[in-house]
Amino acid sequence: MNRPIDAWLHTIDHPGKRLRMGRLLRPETGRGVIVAMDHGLFVGRPEGLEEVGRTIDRLLPAGPDGVLVTPGMLRHVAGRLAGRGGPGVVLALDTYLTTTFPGKGGLAGAGSGQAHRSIASPEQAAALGADCVKLLLIFGDAGLPAFADNLSFIAQTVEASRRTGVPVMVEPTVWSYPGVPAPALSATQLADMARIAVELGADILKLPFAGPLDEFRSIVRESPVPVMVLGGARTQTPEATLEMARQATEAGAAGLVFGRNVWQHPDPPGLLRQLLQVVHGA
Ligand SMILES: O=C(CO)COP(=O)(O)O
């Protein structure tokens, strides 16, 4: 089910986007392994990611294809990433807030409800050297006006990406609350969410892996853009993380965007090497 990188890159008619996307997906396999480290924006100081710079230093020798960070944090870690010929940089361009933060002392402030906001412009992301920007497409209980704003924010960012040349990764998700398990998505729901993201102009999809394998394979096959699979909460065992990576690869995914399962592992570079082995096969 491997799709060569040219199959993806030829779908992109913008040279800047092609060049940047080619930095995240390896030419030999058409896939990439991106380590997500933007969690601080959503939850504060996650266990295992107390110091993003130190985590990056530990992971770089394993050779990740990309890192996902926030524009604010990039200022502090760009020096570590520069001058090495990689990894590519994905910047989180938005965030969502909920008022329920169990164990976090009500970090999101007073009042009730949910809010979704941009935290940087596409132009800023381009100026910061981003190879890709990541946006959320959030389904669920925030109300129709919030959802409509979310859709137009993605559409505007896609429009801006024509000027900046920075590809747009869209992550369809559902409003969730720290400490509360995210609702399980059926493959049918996921297929609809993915399709809406593509219709909005996503260049890359970032999706949770939802079995059964054949149904996820259909979502990947139907997608005209690469599908990368996110990790989610820490699995019970490293073997379960590797198995998810195997199944995602088997289903034709263009790689992984894994966070907690990498940097909360006792040996993050060791696990990352194993993931790279699964995804790239060498
Ligand atoms: O991309 C991610 C967060 O932005 C994925 O992180 P997790 O693997 O920890 O879910």
Side-chain angles (χ1 to χ4, degrees), residues 24-25 31-50 52 55-56 59 64-74 77 87-98 116-120 125 130-138 154 167-185 190 193-194 197 202 204-210 226-238 240-245 247-249 253-265 268 271-272 274-276 278-279:
L24 290 169
L25 304 180
R31 305 185 191 123
V33 177
I34 296 170
V35 181
M37 287 175 279
D38 59 334
H39 302 56
L41 177 63
F42 303 93
V43 298
R45 176 179 168 273
E47 189 190 335
L49 196 61
E50 291 83 359
V52 175
T55 305
I56 288 179
L59 292 173
D65 300 300
V67 293
L68 164 58
V69 293
T70 59
M73 188 57 77
L74 184 61
V77 300
V89 173
V90 184
L91 283 186
L93 226 56
D94 61 359
T95 186
Y96 70 90
L97 309 164
T98 60
H116 168 250
R117 291 288 184 275
S118 129
I119 58 159
D131 295 301
C132 185
V133 293
K134 188 262 294 182
L135 300 181
L136 297 162
L137 169 58
I138 317 172
I154 293 175
V168 179
M169 176 187 286
V170 177
E171 176 180 349
T173 186
V174 179
W175 286 101
S176 66
Y177 303 89
V180 179
L185 292 170
L190 197 60
M193 292 158 75
I204 306 179
L205 297 181
K206 178 178 171 218
L207 299 182
F209 180 78
V227 173
M228 302 190 81
V229 168
L230 61 84
R234 199 169 161 198
T235 58
Q236 305 230 306
T237 61
T241 306
L242 291 167
E243 184 53 27
M244 175 162 48
Q247 293 206 16
T249 307
L256 313 171
V257 187
F258 276 17
R260 286 163 286 180
N261 280 298
V262 174
W263 39 258
Q264 288 182 340
H265 185 271
L271 187 77
L272 177 58
Q274 287 181 286
L275 290 171
L276 286 159
V278 167
V279 168

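As the structure lists them, so they are numbered: ligands from 1, and atoms in each ligand from 1. Sequence positions, counted from 1, serve as the residue numbers for this chain.
- Annotation: side chain of Val33 is not in contact with side chain of Pro64 (no heavy-atom distance under 4.5 Å).
- Under the salt bridge (Lys or Arg N to Asp or Glu O under 4.0 Å) criterion, Lys134 pairs with Asp38, Glu171, not counting sequence neighbours.
- Not a single ring pair (Phe, Tyr, Trp, His ring centres under 6.0 Å) links His265 to another residue, sequence neighbours left out.
- Partner of Thr70 under the side-chain contact (heavy atoms from CB on, under 4.5 Å) criterion, out of Leu93, Leu41, Val52: Leu41 alone.
- Under the 3.5 Å distance criterion, the side-chain polar atoms of Asn261 are matched with a main-chain donor or acceptor of Thr235.
- Contacts of Gln247 classified as side-chain hydrogen bond (donor to acceptor under 3.5 Å, both in side chains), with partners at least two apart in sequence or in another chain: Glu243.
- Protein residues are said to neighbour a ligand when one of their heavy atoms lies under 4.0 Å from it; for ligand 1 these are Ala36, Asp38, His39, Leu68, Lys134, Lys206, Gly231, Gly232, Val257, Phe258, Gly259, Arg260.
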